[in-house]
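Note on naming: letters A, B, ... go to the chains in the order of the sequence lines (proteins, then strands), and numbering restarts at 1 for each one.
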There are 2 protein chains.
Amino acid sequence: MAKPTTREKLLSAGLETLHKRGFNATGVQDITDAAKVPKGSFYNHFESKDALGVEVVARYAAMGAVRRQPLVDGGGPPLVRLRAHFRNLNQLGPAAGFRRGCLLGNFRTDLSTHSPAIRAAVEAAFDDWTRVIAQVIAEAQEAGDMSRDLPADTLAGFLLNAWEGAVMRSRVEKSQAALDAFLAVTFNKILT
Amino acid sequence: MAKPTTREKLLSAGLETLHKRGFNATGVQDITDAAKVPKGSFYNHFESKDALGVEVVARYAAMGAVRRQPLVDGGGPPLVRLRAHFRNLNQLGPAAGFRRGCLLGNFRTDLSTHSPAIRAAVEAAFDDWTRVIAQVIAEAQEAGDMSRDLPADTLAGFLLNAWEGAVMRSRVEKSQAALDAFLAVTFNKILT
DNA sequence: AAATCCAAGACGACCAGTCATATTGACGCT
DNA sequence: AGCGTCAATATGACTGGTCGTCTTGGATTT
């Protein structure tokens, strides 16, 4: 079976290449080269570069959802789960040599004027992520593990935005410092 | 004198256009059109698009330094000055219809693989900004206005990263919500 | 007249997407 | 089983358009 394999190769290479080099800076040929697939084959499997982008975002979001699984149904107190979640995320940066950052955040600025379909997929992924974190925070507030003076969804949105900012900084600096500072500040000052 | 005027028109139009549409998404022709200057004239005044980018960043950073002035030598308690600073910044978003975001943050992702000269200028501007904020926070800590359990420069870096993340979100959503949440969370939970 | 400055279009590189042709493989029929 | 059919896929040269940059002839100044 050639079809699923070729398509899968394109999707996988597309995810990696677009993540590392950004959407606009990556050509279709870059992707087909990375997938070791002739360029002409690309359009047998994807209607356009944008269409691949939408699927790449979907796959990235699905991977994120898997990573959020223990956040929802894992054991232990909610704040411990939340801390573990962000600590896991923070380990992805150094593992990739700080070359990638968060694909969702990267696409957000890369596509600010183009590709409404991809933008919508990105924002849907963010909304989903925010919802899960808000739920865990609400759980912690109800359990009396942290203060309730700010609404859970406000805190969740703030956390995600702050984390995205930290990831971008750490990507540029190629250093974990901003990620560590994020953990230190949020869990000492906010999530208590 | 035609030369300084043309150059100035290009710089000013370049700042606005690059800010709104991003570096890669903006062509030299877009800039010369916005400046109402013939395209051929561009290279009489700037060596390259990158060179204009460096000067645009420098001008943006200089505008930022002016805005930071009251932060350093203004009256009142440090935390009040800091809050006023961010509140002022947050008013720039809606004033521009949330179309721009922060030029430094936008360039950071836009140029992650290109233009080391511009990247260096961007990071220098960030470092400068961080330094000023860290100084104000240290002042507040020494005055006993806030806790000292985290170092001032860690907090300053966190604040900037978090603000950049909030600005990007607010730009996409075309809403002030993320900016308001930033103010609410940071000044209720961190800067106390 | 000499020197300097400016602008209009040309140039080459690049890129998303297309096309014509070649190849494959699943499937119905005998 | 053997064979013909046909739709899906493979392939890389090609197209149309855009972009950054440069060249060149003309305008302006001294």
OP1 or OP2 of C/dG17 under 4.0 Å from side-chain N/O of A/Tyr43: yes

Residue-phosphate contact under 4.0 Å: A/His45 side-chain N/O, D/dA10 OP1/OP2: yes

Sugar-phosphate only, base, or nothing, as touched by A/Thr26 at under 4.0 Å among non-hydrogen atoms: sugar-phosphate

Between P of D/dC19 and NE2 of B/His114, the distance in whole Å: 15 Å

Atom-to-atom span, NZ of B/Lys49 to P of C/dA13 - whole angstrom: 19 Å

With the criterion being N/O to N/O and under 3.5 Å, what pairs connect the protein with nucleotides 12-15 of chain D, and how long is each?
| from | atom 1 | to | atom 2 | distance (Å) |
| --- | --- | --- | --- | --- |
| D/dG12 | N7 | A/Gly40 | N | 3.2 |

Plane angle bin for A/Phe158 and B/Phe158 - parallel if under 30°, tilted between 30 and 60°, otherwise perpendicular: tilted

Nearest-Å distance for atom pair CZ/C1', residues A/Phe46 and C/dG17: 15 Å

Atom pair distance, as rounded to whole Å: CZ in A/Arg7 and C1' in D/dA8: 14 Å

Any A/Thr6 side-chain N or O less than 4.0 Å from OP1/OP2 of D/dA10: yes

For atom NZ of B/Lys9 and atom C1' of C/dA7, their distance in whole Å: 13 Å

Atom-pair distance (CG on A/Asn24; C1' on C/dC14), nearest Å: 14 Å

Geometric cation-pi criterion B/Arg108 and B/Phe126, 6.0 Å radius, 45° cone: yes

Rounded distance [0.5 Å steps], CG in A/Asp153 versus CD1 in A/Ile133: 12.5 Å

Distance (rounded to the nearest 0.5 Å) between B/Leu82 CG and B/Asp145 CG: 11.5 Å

A/Asn106 to A/Arg100 - nearest heavy-atom pair and separation: ND2-O, 2.7 Å

Where A/Leu111 and A/Arg119 come nearest, the two heavy atoms and their spacing: O-CD, 3.2 Å

No-H, no-angle donor-acceptor pair, B/Asn44 side chain to C/dA7 base, under 3.5 Å: yes

